[in-house]
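Note sheet for the following structure.
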Amino acid sequence: MMVVGIDPGLARVGYGFLRKTGNKTEYISHGCITTEAGSPSHEARLKKIYDELSDLFHGNKPGFAAVEKLFFTKNITSAMAVAEVRGVILLACAKEAIPVFEYTPNQVKQAVTGSGRADKKQVQEMIKRLLHLDAVPTPDDAADGLSIALCHINRMR
C-alpha cells in the first residue's frame with residue numbers, strides 16, 4: 001500500500017510517500033511543490049500545484065492520500081488561500097481516484113509521537129527514527145507530509 005501525505009500551503013505544498021508492506025513501513029520520497037508570490041497570477045500558482053501533484057501521482061501511484069485538515073485561528077486571508085490549495089489537492093486526488101483521509105495536526109502528532117502536544121522538532125525526530133533516515137527531512141513542509149502519511153499508516157492498523 002502506497003500512501004502520500006500532503007501538507008497544504010500556497011507557497012509550499014509538502015509531500016511524503018511511504019509504502020506499507022505487512023508490518024514494514026518503507027520511506028519512498030519527500031519534497032515540496034513551491035510557488036512564488038510574484039508568479040503571473042494566483043490561478044497560475046494553483047495550476048502549478050495541480051500539475052505537479054498530478055505528475056507525482058502518475059509516477060508513484062499512491063493508493064491513499066492523507067491530507068492535513070485546515071486549522072487557522074487568526075489570519076482568515078491565509079486560511080482562504082490554503083483552503084483553495086486543499087481544493088486543488090482534493091481535485092487532483094479525485095481525478096486519479098485516490099481516496100483521501102484528513103487528519104488534524106493533533107491527530108498527526110499523536111499518531112507519530114504518542115502525544116498530541118508534541119512540538120515540531122519532536123515530530124521530525126520521530127519521523128527520522130521511525131523511517132530510519134540519516135537526517136531529519138527538510139524542509140519542514142516535506143517532513144510534515146511524511147508525518148501525515150505515517151499518521152495514516154498508523155491509523156489503518
Side-chain angles (χ1 to χ4, degrees), residues 1-21 25-35 42-43 45-127 130-131 137-157:
M1 160 176 74
M2 175 82 74
V3 176
V4 59
I6 305 173
D7 180 34
L10 185 58
R12 288 195 306 211
V13 175
Y15 63 86
F17 286 90
L18 300 177
R19 179 178 293 123
K20 175 81 170 170
T21 308
T25 300
E26 177 188 5
Y27 165 83
I28 303 300
S29 68
H30 71 279
C32 279
I33 298 167
T34 58
T35 66
H42 181 70
E43 295 83 1
R45 293 174 84 178
L46 294 175
K47 182 182 181 312
K48 180 179 182 188
I49 292 167
Y50 176 83
D51 290 343
E52 289 194 29
L53 271 178
S54 295
D55 290 345
L56 286 167
F57 293 166
H58 289 143
N60 292 285
K61 309 258 188 269
F64 300 94
V67 180
E68 189 171 76
K69 284 186 180 179
L70 259 183
F71 185 76
F72 279 88
T73 57
K74 295 188 177 153
N75 190 337
I76 193 71
T77 304
S78 292
M80 294 297 288
V82 175
E84 290 173 348
V85 171
R86 280 179 43 80
V88 166
I89 292 166
L90 297 177
L91 174 63
C93 290
K95 292 272 288 187
E96 297 300 320
I98 301 168
V100 176
F101 296 82
E102 299 178 275
Y103 299 100
T104 66
N106 284 350
Q107 287 175 311
V108 174
K109 292 174 188 178
Q110 177 71 38
V112 174
T113 69
S115 170
R117 295 185 177 185
D119 65 26
K120 190 174 272 296
K121 293 253 188 249
Q122 289 171 308
V123 173
Q124 291 171 344
E125 187 58 37
M126 284 303 293
I127 288 295
L130 294 169
L131 299 178
T138 58
D140 290 355
D141 307 273
D144 291 346
L146 285 171
S147 65
I148 296 162
L150 189 57
C151 171
H152 182 69
I153 286 173
N154 288 344
R155 296 239 174 195
M156 292 293 289
R157 292 180 179 179

Inset, instruction - Go through the steps for Thr35 and Ile49 under the test side-chain contact (heavy atoms from CB on, under 4.5 Å), then give the verdict. - result: CA-CA 8 Å; Thr35 66; Ile49 292 167; 3.9 Å; yes
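Residues forming a side chain to side chain contact (heavy atoms under 4.5 Å, CB included) with Leu91 (at least two apart in sequence, or on another chain): Tyr50, Lys95. Applying the side chain to side chain contact (heavy atoms under 4.5 Å, CB included) criterion to Glu84, with sequence neighbours excluded, gives His42, Leu46. By the side-chain hydrogen bond (donor to acceptor under 3.5 Å, both in side chains) test, Thr113 pairs with no residue at all, sequence neighbours left out. Residues that satisfy the side chain to side chain contact (heavy atoms under 4.5 Å, CB included) test with Asp51, not counting sequence neighbours, are Lys47.
What you find for Val100 and Val67 is that their closest heavy atoms are CG1-CG2, 3.9 Å. Nearest heavy atoms, Cys151 versus Val112: N-CG2, 4.5 Å. Shown here for Gly145 and Asp7, the closest heavy-atom pair between the two residues is N-CB, 4.2 Å. Counting all heavy atoms, side chain and backbone alike, Ala118 lies closest to Lys109 at O-CD, 3.2 Å. Between Leu150 and Leu18, the shortest heavy-atom contact is N-CD1, 3.6 Å. A pairwise comparison of heavy atoms in Leu146 and Pro137 identifies CD1-CG, 3.6 Å as the closest pair.
Between atom CG of residue Leu53 and atom CD1 of residue Ile98 there is a gap of 9.0 Å, rounded to the nearest 0.5 Å. With rounding to the nearest 0.5 Å, the separation of CD in Glu26 from OG1 in Thr21 is 6.5 Å.
Taking 4.5 Å as the limit, every side-chain heavy atom of Ile6 sits out of range of all side-chain heavy atoms of Ile148. Using a 4.5 Å heavy-atom cutoff, the side chains of Arg155 and Phe101 are not in contact. The closest side-chain heavy-atom distance from Lys20 to Val3 is not below 4.5 Å.
A salt bridge does not link Lys69 with Glu102: none of the charged nitrogens is closer than 4.0 Å to a carboxylate oxygen.
Heavy atoms of other residues, nucleotides or ligands lying less than 6.0 angstrom from CE of Met80 number 12 at most.
With hydrogens and angles disregarded, no donor-acceptor distance shorter than 3.5 Å links the side chain of Ser29 to the backbone of Phe17. Using a distance-only test at 3.5 Å, with no hydrogens or angles considered, a donor-acceptor pair links the side chain of Arg86 to the main chain of Glu68. Glu125 contributes no side-chain N or O that, together with a main-chain N or O of Gln122, makes up a donor-acceptor pair within less than 3.5 Å.
For residues 138-147, the pairs satisfying side chain to side chain donor-acceptor pair (under 3.5 Å) are Arg12-Asp141, Lys120-Asp144, Gln124-Asp140, with sequence neighbours left out.
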Could you tabulate the donor-acceptor pairs under 3.5 Å formed by side-chain atoms of residues 57-66, not counting sequence neighbours?
from  : atom 1 : to    : atom 2 : distance (Å)
His58 : ND1    : Ser54 : O      : 3.2
His58 : NE2    : Glu96 : OE1    : 3.4
His58 : NE2    : Glu96 : OE2    : 3.0
Asn60 : ND2    : Leu56 : O      : 3.0
Lys61 : NZ     : His58 : O      : 2.9

